[in-house]
Amino acid sequence: MQQIPTAERLLTELDFTRLNKLRGGALPPALEATLESIDLVPSREVPPDVVTMYSQLLLEDLTSGQRQKLTLCYPADAEPHLGFISVLSPVGTALLGQRAGAIASWQTPNGDACKAEIVELLFQPEASGDYTT
């Protein structure tokens, strides 16, 4: 059995299909690059520590040490003030497909570099048996 390297990013086939439907609205370049290079797995085979769409996670900023709970979502469901972060945002793109324990890096719209550790996955739809959300 082949082991999956921890640096590898994974995406469910369903999430990939849904994200590709957003391409008509011109995806951010970072998300385009991620979709072109990410490895796809069936929803039932995604490891429970991988950030998929609608995963809820605990993120710790490496500079400030501040922790926050985020849910990765599609643009229509984004409510940043409530912790619902769009996959089209720089942080959303950086989190997609990462594993718990990974360091996500992104740039803010004003150009600041950010890094944060995915401390824990609090919820992943696929791990709870939801393969269609």
Side-chain angles (χ1 to χ4, degrees):
M1 185 166 143
Q2 180 184 3
Q3 277 196 316
I4 299 170
T6 55
E8 186 175 333
R9 290 173 72 174
L10 299 174
L11 185 64
T12 68
E13 293 166 345
L14 179 59
D15 286 347
F16 181 79
T17 299
R18 288 179 174 166
L19 288 168
N20 272 306
K21 287 181 181 178
L22 297 176
R23 284 186 191 247
L27 297 179
L31 184 55
E32 284 278 359
T34 297
L35 291 177
E36 289 172 11
S37 65
I38 204 160
D39 289 317
L40 301 180
V41 295
S43 295
R44 293 180 185 275
E45 295 177 20
V46 69
D49 66 340
V50 172
V51 178
T52 62
M53 294 305 297
Y54 293 103
S55 288
Q56 188 178 82
L57 54 113
L58 186 61
L59 195 66
E60 181 175 322
D61 184 286
L62 293 184
T63 303
S64 69
Q66 179 181 352
R67 288 184 172 199
Q68 61 187 110
K69 185 169 71 170
L70 300 177
T71 301
L72 184 64
C73 64
Y74 292 100
D77 297 325
E79 294 191 52
H81 62 285
L82 296 177
F84 287 84
I85 303 300
S86 170
V87 68
L88 299 184
S89 70
V91 66
T93 296
L95 293 172
L96 182 67
Q98 298 276 15
R99 290 177 179 261
I103 305 297
S105 303
W106 66 94
Q107 282 194 323
T108 64
N110 66 5
D112 293 338
C114 297
K115 285 188 176 193
E117 178 183 354
I118 301 168
V119 176
E120 178 183 359
L121 239 65
L122 304 170
F123 173 79
Q124 182 206 65
E126 295 80 5
S128 72
D130 182 351
Y131 305 109
T132 60
T133 294

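These numbers come from the heavy atoms of this one structure, side chains and all, not from hydrogens, waters or symmetry mates. A quick note: this is a predicted structure, and the numbers were derived from the prediction, not measured. Sequence positions, counted from 1, serve as the residue numbers for this chain.
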From Ile85 CD1 over to Leu96 CG, what is the distance, rounded to the nearest 0.5 angstrom?
14.0 Å

For Leu95 and Ile118, what are the C-alpha separation, side-chain angles and deciding distance, and is it a side chain to side chain contact (heavy atoms under 4.5 Å, CB included)?
CA-CA 8 Å; Leu95 293 172; Ile118 301 168; 3.8 Å; yes

Side-chain donor-acceptor contacts of residues 28-36 below 3.5 Å, not counting sequence neighbours, with atom names and distances?
unit_1 : atom_1 : unit_2 : atom_2 : d
Glu32  : OE1    : Arg23  : NH1    : 2.4
Thr34  : OG1    : Ala30  : O      : 2.9

Is there a side chain to side chain contact (heavy atoms under 4.5 Å, CB included) between Ser55 and Phe123 once you walk through the steps?
CA-CA 5 Å; Ser55 288; Phe123 173 79; 6.0 Å; no

About how many Å separate CD of Glu8 and CD of Gln98, when rounded to the nearest 0.5 Å?
11.0 Å

Validation row: Pro42, Glu13 side chains within 4.5 angstrom (heavy atoms)
yes

Checking one residue: Leu82. Which other hydrophobic residues are in its cluster under the side-chain 4.5 Å linking rule?
Phe84

Leu19 and Leu11: side chain to side chain contact (heavy atoms under 4.5 Å, CB included), yes or no, with the steps?
CA-CA 10 Å; Leu19 288 168; Leu11 185 64; 4.2 Å; yes

What is the minimum heavy-atom distance between Tyr131 and Arg44, and which atoms define it?
CE1-NH1, 3.0 Å

Using 0.5 Å steps for rounding, measure from the CD1 atom of Ile103 to the CD atom of Glu117.
4.5 Å

Contact between Thr12 and Glu126 at the side-chain level, heavy atoms closer than 4.5 Å - yes or no?
yes

Flag, side chain of Ser89 to backbone of Gly92, donor-acceptor distance under 3.5 Å:
yes

Are Leu59 and Val119 close enough that some pair of their side-chain heavy atoms sits under 4.5 Å apart?
no

Measure across Gly111 and Gln107 and return the closest heavy-atom pair with its distance rounded to 0.1 Å.
O-NE2, 3.6 Å

Derivation and outcome, side chain to side chain contact (heavy atoms under 4.5 Å, CB included), residues Met53 and Val87
CA-CA 8 Å; Met53 294 305 297; Val87 68; 3.9 Å; yes

Roughly how far, to the nearest 0.5 Å, is the CG atom of Leu40 from the CG atom of Leu10?
9.0 Å

Heavy-atom closest pair (Ile38 atom, Arg9 atom, distance to 0.1 Å) is CG1-O, 3.2 Å

The test is side-chain hydrogen bond (donor to acceptor under 3.5 Å, both in side chains); show your working for Thr108 and Asn110 and say whether it passes.
CA-CA 5 Å; Thr108 64; Asn110 66 5; 2.4 Å; yes

Under 4.5 Å between any side-chain heavy atoms of Thr93 and Leu88, yes or no?
no

Is a side-chain N or O of Gln124 found less than 3.5 angstrom from the main chain of Val50, in a donor-acceptor match?
yes

Show me, pair by pair, the donor-acceptor contacts under 3.5 angstrom made by side chains of residues 65-80, not counting sequence neighbours?
unit_1 : atom_1 : unit_2 : atom_2 : d
Arg67  : NE     : Glu60  : OE1    : 2.7
Arg67  : NH2    : Glu60  : OE1    : 3.0
Asp77  : OD2    : Tyr54  : OH     : 2.2

Nearest heavy atoms of Ser105 and Ala94, plus distance in Å
O-CB, 3.4 Å

Count I, L, V, M, F, W, Y as connected when their side-chain heavy atoms are under 4.5 Å apart, and connections chain through other members. Are Leu121 and Val91 then in the same cluster?
yes

Let me check something: do Leu14 and Leu27 share a hydrophobic cluster, defined by ILVMFWY side-chain heavy atoms less than 4.5 Å apart, either directly or through other members?
no

